Amino acid sequence: MSDHYERVKIELQQMKEVENEAAADEEQLPPASVSPIPADVSFTARRDLSKSSINGRSRSKSRSKADGRERQVNGKQLPYLTPQKSDYSQGQSRVSDEPNLHIKGTAKLLKGKTAANGHVESCQRQTDGKCEHHGKEAKKRRAVTVDTSKAKTSLEALKMSIRQLKWKEFPMGRRTACDIYWHGVSFHDNENIISGQVNKFPGMIEMLRKINLSRAVRTMQELFPEEYNFYPRSWILPEEYQLFSTQIRLLKDNDSTLKPTFIVKPDSGSQGDGIYLIRDPADLRVISGSPIKQSVVQEYIQKPLLIDKLKFDIRLYVLVRSLEPLEIYIAKEGLSRFCTEPYQEPSQKNLSHVFMHLTNYSLNVHSGNFVHSDSCSTGSKRTFSSVLYRLASKGVDIKKADIPPGKPGPTCFQILGFDILLMKNLKPVLLEVNANPSMRIEHEQEVSPGVFEYVPSPVDEEVKVGVIRDTLRLMDPTQRKQHVTSSTGGGSPEEAIVVETGSDEKEGLADSLPSLCLKQVFPKYTKQFNYLRVVERIATIFLRFLGVKGTMRLGPTSFRTFIRNCKLSNSSFSMASVDILYIDITRRWAGMLPDSREAGMCLQAFIEAFFYLAARRFKALLLREQVLLLLEVCEGALEAQSHSEKPRPHRSHTNPASSQSSAPTTFSSPALTRRRHRPMQLSAKANTEN
Ligand code: ADP
C-alpha cells in the first residue's frame with residue numbers, strides 16, 4: 001500500500017476521533033433534546049449500511065487508467081482546455097499548509113452537521129416515551145406506486161429507494177395512474193399524466209440555463225446587492241461583449257497590477273463542455289474565431305479553498321417540494337468533487353489545464369490521477385461532510401462555510417443540484433444550479449484498455465439514494481395530509497413523516513429507516529427570507545394580466561390594461577409613453593432571446609419595465625424601496641378592483657410560473673417596514689414624480 005493510503009488511514013483515524021468527541025458531547029444531552037438529525041454520525045455505521053444495501057455487488061477500488069490527453073471519450077468531446085498529466089502522484093504529501101486555517105472548537109460544530117443518509121436510527125417519533133410507529137392504532141396503508149419507466153440514469157438509485165421504502169415500482173409504466181412519476185430528464189405539461197406527482201417542473205431546465213440564471217441573479221442583485229453577493233460578476237455574451245470589454249479595460253487602466261481571469265461557459269453546456277479561461281476580453285474573439293456563442297463570461301475565482309493542494313467544489317441537493325406554497329429542503333449531505341492536478345493561480349501557461357481548474361467529475365474521471373475510492377472521505381469524489389470533517393480537523397472554522405386548481409394535472413416537485421465553490425476565505429460562491437443533477441450511482445471505469453464499464457460508486461450511493469429515498473418520503477401521498485397539517489402547524493417536517501406500518505415486515509422497516517436527510521429551509525425560515533420575495537409579487541401581477549391561457553407573453557393591450565388598472569399613467573406619463581416603453585423593452589428582449597417563438601413581453605422584460613416605472617415614480621430612493629412602493633400601489637389598486645369583480649380562475653398548477661401566483665403578501669424588508677411607519681415620503685402616495 002502506498003504512502004497515500006497510509007496517510008488516508010491516519011486522516012480517517014483523526015476524523016473518527018473528532019466524531020467520537022462529537023458523539024460523546026451528544027450523549028450528555030438530556031433525552032428531551034433528541035433530534036431527528038442524528039448527532040452521533042459515524043462513518044462506520046454509514047459505511048456498513050451502505051455495504052449491506054448493495055449486497056452481492058462487487059465494489060471497485062482502483063484508479064482510472066484513461067489517458068488524460070484523450071479528447072474524445074465515449075463520443076464526448078472534451079473542452080478546449082487541454083488536460084495535462086501532472087506529476088502529482090499518490091506519494092505526495094496530503095497535508096496541505098493553507099495559511100488561513102485557525103483552530104476553533106470543532107466538536108460542537110460537527111454535531112448534527114451531517115445527515116447519515118444510511119445511518120440507522122430507530123424511531124424518530126416519540127410521544128410520552130412510546131414510539132408511534134409501533135402503536136396499535138397504526139393504520140394499514142396501501143403501497144405507494146411509482147412509475148419508473150422514464151427514470152433513465154437515476155433508475156438504480158430510485159430502485160434502491162423504492163426497495164427501502166417497500167413501495168411498488170412500475171418499470172414499464174402502468175395503465176392506471178401511479179402516485180409518483182419519476183423522470184430522468186424533463187417533464188412536459190402535455191404528457192398524458194393527469195394526477196399524482198411528477199419529479200420535474202415544466203420549464204425548470206430553461207429557467208436554470210446559465211444565461212437565465214445569471215439574469216435572474218442579476219435582477220436580485222439589483223434589489224438586494226448584499227444578500228446576493230454570492231454569485232461571481234457575470235456578463236452575457238454576445239449582447240454584453242462591449243460592456244464587458246469596456247469595464248475590464250477601465251479596471252485595468254485604473255490598476256495596472258490587476259490580472260483578472262475570466263471563465264467562459266456556453267449557455268446550454270454542462271459537465272464542463274466548451275468551457276475555457278481567458279485573461280482579456282480580446283481573447284474571446286481570438287479563441288472562438290467565429291461569432292461569439294451564447295454564453296456567460298464570469299469572473300474566475302482565483303483563490304479557491306484547497307485540500308491537498310487540489311481545487312474542489314461542492315454539490316448540494318435541494319428539493320423544491322412545492323412552489324405553492326413554497327417549500328424547500330436542503331440535503332444535509334452532498335458531494336465534493338476534486339480536481340486531479342494541483343492548483344495554481346491562473347497564468348498564461350496553465351490556463352488550459354482542465355484538471356487543474358475545472359472540478360467536473362465527468363472531466364477529471366479521465367485523468368490518470370483520478371482516485372476511485374470505496375471510502376467517502378478519500379479519493380476524487382467525497383461526501384461533503386467528510387470534507388467538513390477534514391477542514392475541522394485542520395482547525396478551519398467550518399461554521400463559516402454554512403451555507404391550484406385548474407385543469408386536471410399532477411403536482412410537481414424537483415431535486416436541483418447547486419454547485420458551490422469555497423473561496424480561500426471560506427466564502428461560498430454559487431457556480432450554477434442544475435435542473436437535472438446526475439443521480440447515477442455507478443461510475444465509469446476502464447476495466448481493460450479501451451473497455452469501460454459502470455461499477456458501483458459507494459460515495460454516490462451514500463449521498464444520492466438518501467436524497468431520492470427521502471424525497472419520496474416527503475412526497476408520500478399517504479402522508480401528505482398529515483405532513484401539511486404538521487408543518488403548517490409549526491411542527492418539524494421530519495416529525496410529520498410516519499413510516500408505513502401495519503405488517504411485521506413494515507414495522508421492521510420503520511426501525512431501519514434512517515432519519516430524513518433533507519432539512520426544511522422554507523417555510524421554516526420564512527421570517528428571514530420572505531422580504532426577498534419581491535420578484536414573485538411582480539410575477540403575480542404579470543400572470544394576472546397574461547390573459548390567454550397557455551401564453552407566457554404579455555401583449556401590448558394587456559400591458560396597457562395593467563397600467564390602467566394599476567392607475568400608473570397620468571399627465572406626465574401618457575398612454576403613448578406606455579406604448580413606447582412596451583415596444584422598447586419588448587424589442588430588446590426579443591433580440592436577447594432569439595430562439596423564442598412567442599411574441600410579446602416575457603416576464604423578465606416585464607420586471608425590467610416594472611423597475612423602470614418604479615424608478616420613475618419614486619425618485620431618489622433605493623431601487624428596492626422604489627419597487628416595493630410601486631408594488632403597494634399596484635396591489636392596492638388591483639385589490640380594490642377585485643372587490644368589485646369576480647376573481648379570475650387560476651392557471652394550471654403544473655405551470656411553475658403560475659404557481660408563483662400566490663406569493664405571500666408581506667414581503668417588506670425589516671428596514672423598509674421600519675421606515676414605512678414614519679409619516680413621510682415613503683407612503684405610497686407621497687414622493688411621487690409630480
Ligand atoms: P458546467 O455546467 O459545464 O459544469 P459550471 O458552471 O459548473 O459548468 O463550471 C464547471 C466548473 O468550472 C466548476 O465545477 C468549477 O470547477 C469551475 N468554475 C466555474 N465557474 C467558476 C468561477 N467563476 N471561478 C472558478 N471556477 C469556476
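Both counts, for ligands and for their atoms, begin at 1 and track the order of listing. Only this structure's heavy atoms are used, side chains among them; waters, hydrogens and symmetry mates stay out. Nothing here was measured: the structure is a model prediction, and the numbers come from that model.
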**Request:** Would you confirm whether the ring centroid of F370 sits within less than 6.0 angstrom of the ring centroid of H372?
**Result:** yes

**Asked** Regarding Y361 and H443, is there a side-chain donor-to-acceptor distance under 3.5 Å anywhere?
**Response** no

**Message:** Which residue in the set V433, N436, N434 passes side-chain contact (heavy atoms from CB on, under 4.5 Å) when paired with L208?
**Reply:** V433

**Prompt:** For atom 2 (O) of ligand 1, what is the nearest protein heavy atom, given as residue, atom name and distance?
**Reply:** E432 OE2, 2.5 Å

**Message:** Are F187 and Y181, when compared by the centres of their aromatic rings, separated by less than 6.0 Å?
**Reply:** no

**Message:** Measuring only between side-chain heavy atoms, which start at C-beta, is I415 closer than 4.5 Å to N199?
**Reply:** no

**Message:** Quick test of your reading of the model: are E239 and R215 salt-bridged, counting only N-O distances below 4.0 Å?
**Reply:** yes

**Prompt:** Are the side chain of D273 and the backbone N or O of G269 linked by a donor-acceptor pair below 3.5 Å?
**Reply:** no

**Request:** Answer whether the closest heavy-atom distance between the side chains of I263 and H357 falls below 4.5 Å.
**Result:** no

**Complete:** L421 heavy atoms within 4.0 Å reach ligand 1 at atoms 25 (C), 26 (N)

**Item:** Per-atom contacts of ligand 1 with P232, taking only distances under 4.0 Å to non-hydrogen atoms
**Value:** 23 (N)

**Item:** Which of the ligand 1 atoms, numbered from 1, are nearer than 4.0 Å to a heavy atom of K210
**Value:** 1 (P), 2 (O), 3 (O), 6 (O), 8 (O)

**Asked** Short list, please: which atoms of ligand 1 are under 4.0 Å from a heavy atom of D313?
**Response** 14 (O)

**Request:** Around atom 12 (O) of ligand 1, find the nearest protein heavy atom and jot down its residue, atom name and distance.
**Result:** L358 CD2, 3.2 Å

**Complete:** among protein heavy atoms, the one nearest atom 21 (C) of ligand 1 is L431 CD2, 3.5 Å

**Message:** Residue-level breakdown please: for V429 versus ligand 1, do any non-hydrogen atoms fall below 4.0 Å on the side chain, on the backbone, on both, or on neither?
**Reply:** neither

**Prompt:** Where does H357 meet ligand 1, judged by heavy-atom distances below 4.0 Å: at the side chain, the backbone, both, or neither?
**Reply:** backbone

**Asked** So, Y329 versus E327: side-chain donor-acceptor pair below 3.5 Å or not?
**Response** yes

**Option with minimal heavy-atom separation from atom 24 (N) of ligand 1, where the choices are I301, I275, D273, L277** = I301

**Prompt:** Which protein heavy atom lies closest to atom 20 (N) of ligand 1, and at what distance to 0.1 Å?
**Reply:** K265 NZ, 2.9 Å

**Item:** Any N or O of G272 closer than 3.5 Å to N or O of ligand 1
**Value:** yes

**Asked** What closest approach, in Å, do N369 and S367 show between heavy atoms, and which atom pair accounts for it?
**Response** N-OG, 2.8 Å

**Message:** Please report whether ligand 1 has a polar contact with I263, defined as an N or O pair separated by less than 3.5 Å (distance criterion only).
**Reply:** no

**Fill in**
Among non-hydrogen protein atoms, atom 14 (O) of ligand 1 lies closest to T359 OG1, 2.8 Å

**Message:** At less than 4.0 angstrom from any non-hydrogen atom of E299, what atoms of ligand 1 do you find?
**Reply:** 22 (C), 23 (N)

**Message:** Please report the interatomic distance OG1(T340) to NE2(H366), rounded to the nearest 0.5 Å.
**Reply:** 11.0 Å

**Asked** Is it true that the side chains of N364 and K381 contain a donor and an acceptor less than 3.5 Å apart?
**Response** no

**Message:** So for ligand 1, is N360 a polar contact partner (N or O within less than 3.5 Å, distance only)?
**Reply:** yes

**Message:** Quick check on K311 - does any of its heavy atoms sit under 4.0 Å from an atom of ligand 1?
**Reply:** yes

**Asked** Does ligand 1 have an atom under 4.0 Å from some heavy atom of Q302?
**Response** no

**Fill in**
Heavy-atom proximity to atom 25 (C) of ligand 1 ranks first, among Y300, F312, Y231, F338, for Y300

